[in-house]
Student: 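Right, I'll just put the structure down here and ask away after.
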Amino acid sequence: MSMTNRETSTDRSREPAAVQFENVSLHYESGPEILRNISFELPRGSFHFLTGLSGAGKSSLLSLVHLARRPTSGTLKLFGVDVTRAPRDVLPDLRRRVGFVFQDFRLIDHLSALENVALPLRVAGLRDRDIRRHVTELLDWVGLRDHMDALPATLSGGQQQRVAIARAVISRPDILLADEPTGNVDDTIAVRLLHLFVELNKLGSTVLIATHNEGLVDRFNAPRLHLEDAAIYRIGPPSGLLSERLEQAIKGGGSLR
Amino acid sequence: MRWFRSTLPIPDGGATKSLMTIAGVMVFLAVLCLAGALVVQNMIGRWHTEVTGTLTIQVMPRFGDPAEADALTSADVDNVVREVTKIRGIQSVDVLGEADIRALLEPWLGSSKMVADLPLPRLVSVTLNEGVRLDVPTLQTSLEAIAPGVQVEDHRRFLSGLIVLARALSALAWLLVALVAAVTSITVVNATRSALTNHWPMIELLHAIGAHDHAIARRFEWLGARAALTGGGAGLVLASGAIFLIGGLARNVQSGIIPDLTLGAGDWVALASVPVCAALLAVAATRWTVLRALKRML
């Protein structure tokens, strides 16, 4: 991919965090609290895993960052913008800066792999020929060159997942969120996909990956946010394997309270 | 056009096909109702002009020796014409010839041979200048003094009932047009809701990746407008055929009883605009429905 690093670490230190939770709580209707008074921030260019048991609230936390819902209380800021109070019409532009790999992929059945991946670029208003060039390049990179015109139903689970990931990263989002992105692939593919996230992180994206695959998390030297009993805990990175740049990003971030 | 179409790949579903059919039927009905309203309005306009711009004076025939009676009647007519010509605001005064009078009576009394021996009243047609209104009772009184039994008819009494009836028919036709528009709007809203339900996963995804509500709505607006224009165009063609057919049948009757049912160029422009109005209505209804549904999401 012909990507260039858009930010420097010096620039980042002056800018507000990519994601900032301040005493955020969340509950659905009259249900129990999913998140209780949690505070943390993800500096720009950082890489974090989000872990926790099934039902701990990982997807709910990601949905807040992805602007699918607002917190019940507290303040959530993306790039310094208070999205808990921001008017609704400013949110689409913020959403375009956030890539999301859905747990259930959410591929559109009647669209080819190429058209599925192209959706964020269409939403952004790119021209057809630019869209085709970018998407072809990325699908080639994730190993789906021969399946560009295939409909999702004809792809394996792993291939669908790669299409979903390609769609999330095609517009080089400032924040990349992934909800169990390796749930349907074997370990070899999972590591390869995570390396894709690492590469994007190197190019400046802030990455947050929700997973329950502890073994996979242990292979990557990134800090972990752990959700348990509606509270969040930070678990520091083990001795790691990540690139120097990623290590710098990790050192610069994670100001958990 | 590309801007209006929107490049979001929301597919054209079955809902727009049914919308196309319904739009065709609705435009067909709306065009017929509108044509009816326009014909009636034109008729009222013509009648109104006749009522306000003309008078007919009926000079009764004298009885007695035919030659003498005819001379006296002619003298009455001359006196009436002389008197009426003195009035300010008169554009023209024309005495209808006997042949014209018999031709006028033919639809009611049969061939002119059958009424040849009947003493007929003489008719004087008076055309007023635009905007001039005469005091008919006063004129009647003054003319009676010079021509006994004369009657001044300003048609108002005869036509006022017809005009009220025509206006009621016209109002009814417009009401039908409004009802068709309302039903079309409701149909469009339901069809759009159906399309939204069918494509909701995709809409949620587009929303999630940053599509603005207006961009999503625009795609549905395009689908609705296209269905309304296509179906409406077909409806217009069918309705135009029906109007030509009815107009032709009415002309064949050749009777003064059936009024002129022709439409002017402006009327046809109005009728041709019905599918466009249907498309605009579809756009508005679709936009309202889609934006309302999207506002339920953050």
Student: Is chain A contacted by the side chain of B/His214, its backbone, both, or neither, given a heavy-atom distance below 4.5 Å?
Tutor: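 Neither part, no heavy atoms under 4.5 Å.
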
Student: Is any side-chain heavy atom of B/Met202 less than 4.5 Å from a side-chain heavy atom of A/Arg106?
Tutor: no

Student: Is any side-chain heavy atom of B/Met297 less than 4.5 Å from a side-chain heavy atom of A/Leu91?
Tutor: no

Student: Can you tell which part of A/Asp89 gets under 4.5 Å to a heavy atom of chain B, answering side chain, backbone, both or neither?
Tutor: backbone

Student: Verify the neighbour count for atom CZ of B/Arg287: are there more than 12 heavy atoms of other residues, nucleotides or ligands below 6.0 Å?
Tutor: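 Count over threshold, so yes.
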
Student: Side chain to side chain donor-acceptor pair (under 3.5 Å) for B/His212 and A/Asp93? Distances and angles first, verdict last.
Tutor: CA-CA 8 Å; B/His212 283 272; A/Asp93 289 334; 3.2 Å; yes

Student: If only atom types and distance count, is the side chain of A/Arg95 paired as donor or acceptor with the main-chain N or O of B/Ile209 below 3.5 Å?
Tutor: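 No.
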
Student: Measure the spacing between CD1 of A/Ile108 and CD1 of B/Ile203 and express it to the nearest 0.5 Å.
Tutor: 9.5 Å

Student: Counting heavy-atom pairs under 4.5 Å with chain B, which one of A/His66, A/Arg69, A/Arg70, A/His110 comes out on top?
Tutor: A/His110

Student: With a 4.5 Å heavy-atom cut-off, do A/Arg88 and B/Leu294 have their side chains touching?
Tutor: yes

